[in-house]
Amino acid sequence: MKRINTDVAIIGAGTAGLTAYRAVKTAGLRAVLIESGPYGTTCARVGCMPSKLLIAAADAAHGTATAADFGVHIDGEVRIDGREIMERVKRERDRFVGFVLESVDNIPDADKVRGHAKFLSATELQIDDHTVVHAERTVIATGSSPVVPKEYKKIGDRAIVNDDVFAWDDLPRSVMVVGAGVIGLELGQALSRLGVRTRIVSRGEGIAGLSDPVVRDSLRAALQAELSLQTSTRVLGVERIGDEVEVRYQEEGQAERTERFDYILLATGRSPNLDLDLAKTGAKLNEKGMPDYDPDTLQVADLPLFIAGDVNGVLPLLHEAADDGHIAGSNAAAYPDVKPGKRRAPMAVVFSDPQVAAVGVRFRDLPQQGVAVGEVDFNGQGRSRIMLKNRGKLRVYAGHADGRLLGAEMAGPAMEHIAHLLAWAIQKKLTIPEMLAMPFYHPVVEEGLRTALRHAAMELKAAELERVSEGEQAVNNA
C-alpha cells in the first residue's frame with residue numbers, strides 16, 4: 001500500500017476542486033488532487049457548454065421556422081440533420097473539455113491520485129486499494145449526480161439524464177421530460193425546436209426556479225404558446241414496450257392520458273456525491289448524509305474538513321463552485337485560522353427562450369413589508385417587439401428604508417445581460433435613483449429595465465410620503 005503525506009487533500013477535480021488546489025498551492029502548501037472519474041468539469045462535459053451548443057442549434061432552427069413572421073419566406077425544404085447537430089455538439093464539447101485537461105496536465109503527476117477516496121479518519125483517506133493519503137486538512141469537492149427515481153429504473157436505458165443526451169449520435173423522435181427546472185426547460189425546449197416531439201411535465205407549479213408568481217406566470221404563458229409544458233402533472237406509471245416507453249400521466253383536474261416516447265429525460269434534481277464514509281471523520285451527518293458546515297467558511301464543524309461546490313447542495317452553478325473552491329482552499333491552507341469568504345451578488349440564468357434570470361434576493365426571501373416592486377411587461381417594450389421577442393416580465397425589488405436594489409426575477413429577451421447589470425448594481429449597493437441616473441440608449445431592451453426601475457421609484461416615493469404623513473400625524477397627536 002502506497003502512503004502519501006500532504007498538507008491538503010482535495011477530493012474531486014471539477015471546478016471547485018481545481019480552484020481549491022490552486023488556492024492551496026498559491027499559499028505555498030503541499031496538495032494532492034484525488035479524482036475517480038474522467039478529468040474535465042461537469043460544466044464542460046455534460047453541463048453548461050454542451051447544453052448551450054444544443055440550444056444554439058435549436059435557436060437557428062427556430063429562427064428559420066419563424067422567419068415568415070418578419071416577411072422572410074424560405075421556399076424549399078428546411079432539413080434538420082440530427083447527426084450533424086450532435087456531431088458539432090460533441091466536437092465543440094470536446095474542445096472545451098480539452099482546455100480543462102490542459103490545466104490538469106500542467107499539475108505535477110506527484111500531486112494527482114486516481115481512484116475513489118474514503119475517509120479512514122478526519123486526517124486519513126484510502127484511495128481504492130492502492131494508496132493511503134495522510135492530509136492535515138481535506139477539501140471535499142466531489143460534485144453531484146442526476147437523480148434517477150427508483151420507479152424509472154425498470155425501463156433501463158429508456159430512462160436518461162442530461163449526461164446521456166450528449167452521448168447521442170442522432171436526435172430521437174420523441175422525448176418526455178420530467179421536471180421543469182433549469183435542465184428540463186433548457187433541454188426540453190431545445191429538443192422541441194429541433195423537431196423532436198417533446199412533452200415537459202412537472203409535478204409542481206414551479207418553472208425554471210422562479211419564485212415570483214407574476215414572472216413565473218408570464219414565462220408559463222410564453223412557453224405554452226410554443227411547446228407542450230404541463231405543470232401540476234403526475235407521472236402515474238411507466239412501462240417499457242420494445243424500444244419505447246409507455247407513460248401514464250395526469251394533469252391536475254384533467255383526465256389520465258397514455259402516450260409513448262423513445263425516452264424519458266429525468267430532470268428531477270441532483271444528489272450530492274457523498275459516498276466517502278464521512279461518519280469516520282467524526283462529522284455530524286443529517287438524514288441525507290450531509291455534514292453540518294458553516295456556509296461562510298465552508299468548514300465542517302470544527303474539523304479540518306471543508307466542503308465546496310455542487311456537493312454542498314446549495315447553488316450548482318460554475319461561478320459559485322469557483323467561489324466555493326477558493327474559499328475552501330484558502331481556509332484549508334490557513335487552518336485553523338479560517339475566515340468567512342467574500343461572496344459576490346447571487347445570480348442565476350436559464351438559457352431558455354424567453355431567457356430567465358434571478359439576481360440578489362429572491363422574491364420568496366423578501367421581507368413581508370418595506371419593499372417596493374417595479375415591473376415591466378415586455379409585450380409592449382419597443383426593442384422586444386422589433387425582434388418579436390416580446391414575451392415575459394421583469395420585476396425589481398428595492399428597500400423602502402434606503403431605496404437600494406435588493407434583487408430581481410425576470411423572464412424576457414436578453415436577460416443574461418440584464419442580470420449582469422443588476423447583479424453589478426446590487427454588489428455596488430446602488431439605489432434605484434442612482435440606477436435611473438445611468439445612461440440608457442434607444443432603442444434597447446434595457447429601456448424595459450428602466451421602466452421597471454421607474455415604477456419602483458414611484459413606489460419608493462409613495463412610501464416616503466406615507467412615512468412623512470405618519471410622522472406629521474404623530475406630532476399633531478402629541
Side-chain angles (χ1 to χ4, degrees), residues 12 14-16 37 41-43 45-48 50-51 54 140-155 158-166 175-191 198-211 216 219-220 223 229-236 238 245 247 249 261 263-276 285-291 293 295 307-321 324 346 348-352 356-358 362 364-365 409:
T15 299
T41 64
T42 295
C43 171
R45 284 193 177 277
V46 293
C48 322
S51 66
L54 192 69
I140 301 165
T142 46
S144 62
S145 299
V147 173
V148 179
K150 61 182 180 180
E151 58 266 31
Y152 293 97
K153 293 184 178 179
K154 65 180 180 179
I155 61 175
R158 299 293 103 179
I160 61 171
V161 296
N162 60 292
D163 301 33
D164 302 313
V165 170
F166 307 119
V175 174
M176 171 178 270
V177 180
V178 179
V182 176
I183 294 172
L185 184 55
E186 286 189 349
L187 294 183
Q189 185 179 46
L191 292 172
T198 307
R199 187 180 299 280
I200 305 173
V201 299
S202 175
R203 177 183 287 271
E205 285 290 313
I207 307 175
L210 288 171
S211 67
R216 185 179 62 220
L219 175 64
R220 180 186 292 107
L223 292 170
L229 168 65
Q230 295 173 224
T231 55
S232 300
T233 298
R234 294 184 302 129
V235 175
L236 304 176
V238 294
V245 182
V247 187
Y249 62 96
F261 298 90
Y263 294 100
I264 293 184
L265 171 56
L266 298 167
T268 51
R270 298 180 69 87
S271 177
N273 297 327
L274 289 169
D275 180 22
L276 302 166
L285 309 179
N286 65 18
E287 66 280 0
K288 295 183 179 179
M290 176 67 70
Y293 70 95
I307 188 164
D310 292 8
V311 68
N312 66 29
V314 180
L315 291 169
L317 302 169
L318 180 138
H319 64 279
E320 296 289 352
D324 268 16
V349 179
V350 183
F351 293 84
S352 55
V356 180
R362 298 291 187 101
R364 62 173 173 262
D365 299 321
E409 294 193 24

Check whether any side-chain heavy atom of [X] sits under 4.5 Å from a side-chain heavy atom of [Y], and report yes or no.
X	Y	answer
Ser202	Ile207	no
Leu191	Leu54	yes
Pro149	Leu266	yes
Leu187	Val177	no
Val238	Lys154	yes

Separation between [atom1] of [X] and [atom2] of [Y], rounded to the nearest 0.5 Å:
X	Y	atom1	atom2	answer
Leu265	Thr198	CG	OG1	9.5 Å
Thr142	Leu276	OG1	CG	5.0 Å
Leu274	Ile140	CG	CD1	7.5 Å
Thr233	Arg203	OG1	CZ	10.0 Å
Phe166	Ser51	CZ	OG	5.0 Å
Glu320	Asp310	CD	CG	10.5 Å

Considering all heavy atoms, the nearest [X]-[Y] contact:
X	Y	result
Phe351	Glu186	N-OE2, 2.7 Å
Cys43	Pro50	O-CD, 3.5 Å
Arg362	Ala348	NH2-CB, 3.9 Å
Ala208	Val350	O-CG2, 4.0 Å
Gly209	Arg364	O-NH1, 3.9 Å
Ala141	Val311	CA-CG1, 4.3 Å

Given 3.5 Å as the limit, does a donor-acceptor pair link the side chain of [X] with the main chain of [Y], or not?
X	Y	answer
Lys153	Ala159	no
Asp324	Ala308	no
Gln230	Arg199	no
Asn162	Val46	yes
Arg270	Ser144	yes

Verdict with reasoning, Asp164 to Tyr263, per side chain to side chain contact (heavy atoms under 4.5 Å, CB included): CA-CA 11 Å; Asp164 302 313; Tyr263 294 100; over 6 Å; no
Return yes when atom CZ of Arg220 has more than 12 non-hydrogen atoms of other residues, nucleotides or ligands closer than 6.0 Å, and no otherwise.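 Enclosed: over 12 neighbouring heavy atoms sit under 6.0 Å from CZ of Arg220.
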Starting from the C-alpha separation in whole Å, work towards a yes-or-no answer on side chain to side chain contact (heavy atoms under 4.5 Å, CB included) for Leu223 and Ile200. CA-CA 11 Å; Leu223 292 170; Ile200 305 173; over 6 Å; no
